[in-house]
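Reading through the structure tokens given below for one structure.
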Amino acid sequence: MLQVPFIRENKTLVIARLAKRNIEATQIIEEVLALDEERRGIQTQLDSILAESNSISKEIGMLFKTGEVEKANALKEKTTNLKNSSKELSDKLNDTANTLNQLLYTIPNVPNELVPNGNSEDDNETVFQEGTIPQLHNDALPHWELAKKYDIIDFELGNKITGAGFPVYKGKGARLQRALIAYFLDKNTAAGYTEYQLPHLVNEASGFGTGQLPDKEGQMYHVSEDNLYLIPTAEVPGTNIFRDVILNENELPIGITGYTPCFRREAGSYGAHVRGLNRLHQFDKVEILRVEHPEKSYEALDNMVEHVKTILQELQLPYRILRLCGGDLGFTSALTYDFEVFSTAQDRWLEISSVSNFETYQANRLKLRFKNSEGKKELAHTLNGSSLALPRVLAGIIENYQTPDGIKIPEVLIPYTGFSIIN
RNA sequence: GGAGAAAUGGCAGAGUGGUCGAAUGCGGCAGUCUUGAAAACUGUUGAGGGUCACACCUCCGGGGGUUCGAAUCCCUCUUUCUCCGCCA
């Protein structure tokens with residue numbers, strides 16, 4: 001969430017930038033500032049009452065020691081009023097603070113100046129495109145047909161075992177999937193990211209820390225018996241490593257990577273665009289995360305974009321990079337680049353990575369800080385990105401690499417798969 | 001799942017109702033000494049709110065209660081450890 005002092009000092013900027021998201025925020029910002037002022041006023045009143053009652057208590061203690069019981073008892077009566085009003089004030093303080101926080105939760109991150117105006121994905125800005133779109137033979141098939149033809153992914157079997165959106169990978173399909181995971185992790189660790197294996201279920205505090213809770217619980221599977229959530233992305237357990245952490249400045253930057261399955265309810269999204277691997281309830285993803293010094297976070301974002309680019313270049317997939325417009329930008333992000341691979345057989349772009357800078361928005365919730373060179377505590381910046389999401393990369397590979405003789409395996413993956421063609 | 005014990009500052013560990021935000025040791029930081037380093041010595045060193053800065057307020061696993069006053073007493077939840085059971 002946003003920091004109140006930041007809002008106070010940059011009111012016009014905040015309102016102007018939130019307008020990129022097509023939000024008219026003037027009223028809510030004014031409300032936040034008013035509530036904060038109220039909160040501080042109540043706090044001051046409460047503090048002085050507590051100070052008084054503390055000093056009376058000390059006095060009573062002294063009187064008992066010197067045996068002046070009568071005087072002590074007289075003082076006791078004085079505290080009754082103080083107690084009542086401090087109780088009242090602290091209730092009021094809690095109410096005000098809660099109202100303020102509820103309001104802050106509803107305000108998304110302030111977009112970076114680079115974020116283009118716009119309403120929907122149609123207004124995203126293509127900033128880079130690379131790779132040649134292959135000329136496929138006449139009976140080229142979409143991946144779900146190829147999956148069936150070569151018996152590498154079984155969607156019906158997943159239906160039987162679990163339900164729609166839980167495909168079963170078989171034989172060379174399973175092996176290709178594992179190869180991709182290993183390849184991505186190797187690329188990421190070679191780039192300096194430390195590999196982690198993270199829990200696939202998280203508690204409420206973690207869901208809250210990265211902003212999935214309280215509003216987006218509909219997106220996550222919930223295990224009510226234990227009050228745990230299945231992770232929708234490794235971002236959740238990965239970023240929560242740093243909840244309530246104060247780092248030393250020299251520990252920055254931190255980069256971690258991890259492979260996890262991801263579980264998403266995707267309630268309400270059905271139709272032609274969710275066929276095959278395009279949208280699943282369970283899928284695999286390798287994630288990269290960084291904790292950065294505020295002055296260096298945008299350099300780091302560019303760095304992450306470059307890193308993901310090299311992977312797609314090596315896989316020789318045609319892709320493009322989009323800068324998300326205000327209307328399409330995620331709630332917690334200040335600037336996001338989406339990577340899309342072109343699926344030739346489906347004749348459409350598939351999102352395979354999303355790389356974002358959250359600035360202090362998550363860190364503020366997480367209380368992730370570092371001690372700067374002056375010894376003062378400052379919120380760090382968090383960033384993350386997929387490198388990469390498996391299913392659509394897999395779809396892109398099997399569609400773009402299909403030949404009349406079978407599906408070829410990209411050169412860089414052959415050491416990982418142990419075979420060069422699926423036929 | 002059953003029985004018992006525990007949870008205090010970065011770590012270890014004292015503190016059982018009244019200058020305790022908390023002894024002591026280690027670690028960290030600064031300095032003295034040294035050509036430099038180590039050792040030794042001296043000082044400093046939790047977090048949040050608040051203030052121009054002080055003052056002041058809150059926090060001893062979380063929540064609630066008793067009391068004029070709680071790290072210390074009571075209730076409850078969570079976690080950890082030991083023993084038993086189960087088990088990849």
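Computed from a predicted structure; not experimentally measured. Below, chains carry the letters A, B, ... as their sequence lines are ordered, and counting in each starts from 1. We use all heavy atoms of the structure for the numbers below, so side chains are in, but hydrogens, waters and symmetry mates are not.
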Problem set entry | rC73(B): pairing nucleotide in any strand, Watson-Crick or G-U under 3.5 angstrom | rG65(B)

For this session: Please measure how far the C1' atom in rC26(B) lies from the corresponding atom in rG13(B), and state the result in whole Å.
Result: 11 Å

Exercise. How about F370(A) and H293(A): are their ring centres within less than 6.0 Å of each other?
Worked result: yes

For this session: Using the P atoms only, state how far rG18(B) lies from rC74(B), rounded to an integer number of Å.
Result: 16 Å

Exercise. Looking for any heavy atom pair under 4.0 Å, which part of the strands does I56(A) touch: base, sugar-phosphate only, or nothing?
Worked result: nothing

Exercise. Is the F331(A) to F358(A) ring centre distance short of 6.0 Å?
Worked result: no

Exercise. Quick one: is rC68(B) close enough that its OP1 or OP2 comes under 4.0 Å of any side-chain N or O from N73(A)?
Worked result: no

Exercise. Base, sugar-phosphate, or nothing for K78(A), non-hydrogen atoms under 4.0 angstrom?
Worked result: nothing

Problem set entry | Identified pairing partner of rU44(B), criterion: Watson-Crick or G-U wobble below 3.5 Å | rG28(B)

For this session: Classify the nucleic acid contact of T79(A) as base, sugar-phosphate or nothing, counting any heavy atom under 4.0 Å across all strands shown.
Result: sugar-phosphate

For this session: Identify whether the distance between the nearest side-chain nitrogen and carboxylate oxygen of K11(A) and E30(A) falls below 4.0 Å.
Result: yes

Exercise. Taking the C1' atom of each, how far is rC75(B) from rU67(B), in whole Å?
Worked result: 16 Å

Seminar exercise, completed: Answer for the Watson-Crick or wobble partner of rG4(B), both distances under 3.5 Å, is rC81(B)

Problem set entry | Span that lies between the C1' atom of rA55(B) and that of rU66(B), in whole angstrom | 31 Å

For this session: For N101(A) and rG49(B), give me the distance from atom CG to atom P, rounded to whole Å.
Result: 13 Å

Problem set entry | rG64(B) and rU72(B), which share atom name P, separated by this distance in whole Å | 14 Å

